[in-house]
Amino acid sequence: MTLLARTRKFHPDLPFLLVIILPAVLLCAFVFLYPAFLAVRASVLGGGTASYQHYGRLLKDSLFLQSLAKTFVFAGISVSLEFVLGFGIALLLAAPMKGRGFFRAALLVPWVLPPAVMGFAWRWIFYEDYGIINDILMRTGLVAAPIPFLADPHWAFGTIIFADMWKTAPFVGVILLAGLAVIPADLYEAAAVDGAGRMRRFFLITLPMLTPYILTALLFRLVQTIGIFDLVWVLTGGGPSSSTEMVSLYITKETFSFLNIGYGAALSMALFAIVLVIAIIISFFSRRRY
Amino acid sequence: MTRGKWLTYILLIILVLFSLAPFLWEMSTSFKGRDEVMQLPQSALPQEATAENYVGIFERRPFGRYILNSILVASASTVLALLPAGWRLIRYHR
């Protein structure tokens, strides 16, 4: 039996499927697996011999744990707000209407623009002295003195959440919109005939039918938000006084500013494990139902 | 139009303004001269529109080269990612 015939026994399309995923696998091997292997090696090699000292240190590193907690709070608030706004966008765009194409395109603009570029735009808008927001607030007399949106630890965190929400709510919206589009209309008709009101139809049809899409959107958003780097880096650089130092910024600082390569690699491994666990939990939920 | 439709349009227009505002502000700022950028109160549109910023990025930096780099990377990676799959797809359906 040839190799090809043998592979066909598993799945009729197996050779086809293998070739289809080949580019992705190769890409992963070059840009992810190989660096990941180097990182694992660096994280356990302390002074030439293999040791786990980096991992022991990591659990007692209060700065790391603080940045991790900060990242989780940030991800929690940010993803919740994005989800609500994105759901709103999806529901508004689902109904057929005039100008739907325009609204879809216009609402997708924040997601399409590069994060670093829009980070600079927001930094300029929230700038304390010449920023447009402070200018408007001062001119309308709402505030007596300019608000230090990015220079004050109390404000900076919220400002970053706002910018992140602006950028990624459309992404949630697009995914949920795709989910809304495949719900058959006769389900709603049948429910209406049975006397279900708007609210009941939403909770009994829309929400359950949308669950896999909701979980997909949440998975993508949570994983991306926990690893957030570019937006925070451009807006505050982790400051003021480390109030917005997310875990990826802490790892970068530890690795490239203090040149603790081994320790930085161990930190990356820990973050990778955390993200993996979150991804597994969400995937588990989405498998069980469907 | 029904009341619900009106509400939908009003909400959508608010969302569109919210989505586009930072981008439009960035665009307006890009046409302002150096002094006008740092001037209070800020004006919505540039009072003396100038293209000097756009000329400047090409004069002070090899911006054309940057654009070319991006296009090269984007097109090469797209082609490389699609090539094996596309080839197999053609063979498969023969």
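Owing to the predicted nature of the structure, the values given are computational and were not obtained by experimental measurement. Every chain is numbered from 1 and lettered A, B, ... according to where its sequence line falls, protein lines coming before strand lines.
Put simply, the side chain of B:Ser19 reaches to within 4.5 Å of the side chain of A:Leu107, judged on heavy atoms. When side chains are defined from C-beta on, B:Ile13 counts as touching A:Phe103, because their heavy atoms get closer than 4.5 Å. In this structure the side chain of A:Leu85 reaches within 4.5 angstrom of the side chain of B:Leu15, judged on heavy atoms.
Neither the backbone nor the side chain of A:Met138 comes within contact range of chain B; no heavy atom of the residue lies under 4.5 Å from a heavy atom of that chain. Looking at A:Leu108, neither its backbone nor its side chain comes within 4.5 Å of chain B, counting heavy atoms on both sides. Heavy atoms of A:Trp122 lying under 4.5 Å from chain B belong exclusively to its side chain. Of the atoms belonging to B:Thr29, it is side-chain heavy atoms, and not backbone ones, that fall under 4.5 Å from chain A. Using a 4.5 Å cut-off between heavy atoms, A:Lys98 touches chain B through backbone and side chain atoms alike.
The environment of CZ in A:Phe202 is crowded: more than 12 heavy-atom neighbours from other residues, nucleotides or ligands sit within 6.0 Å. The neighbour count for A:Phe229 CZ, taken as heavy atoms of other residues, nucleotides or ligands under 6.0 Å away, is above 12. Atom CZ of A:Phe157 has more than 12 neighbouring heavy atoms from other residues, nucleotides or ligands inside a 6.0 Å radius. For A:Trp155, the CH2 atom sits in a loose shell: 12 or fewer heavy atoms of surrounding residues, nucleotides or ligands are nearer than 6.0 Å. Within 6.0 Å of CZ in A:Arg200 there are 12 or fewer heavy atoms belonging to other residues, nucleotides or ligands. Annotation for A:Trp233: atom CH2 does not count as buried by contact number, only 12 or fewer foreign heavy atoms lying within 6.0 Å.
Among B:Leu80, B:Leu12, B:Leu20, B:Leu11, the residue with the largest count of heavy-atom pairs under 4.5 Å with chain A is B:Leu12. Ranked by heavy-atom pairs under 4.5 Å with chain B, the first of A:Val109, A:Ile132, A:Ile125 is A:Ile132. Taking chain A as the reference chain and counting heavy-atom pairs below 4.5 Å, the highest number among B:Ala21, B:Pro22, B:Ser77 is found for B:Pro22.
Between the side chain of A:Trp166 and the main chain of B:Phe18, a donor-acceptor pair closer than 3.5 Å is present.
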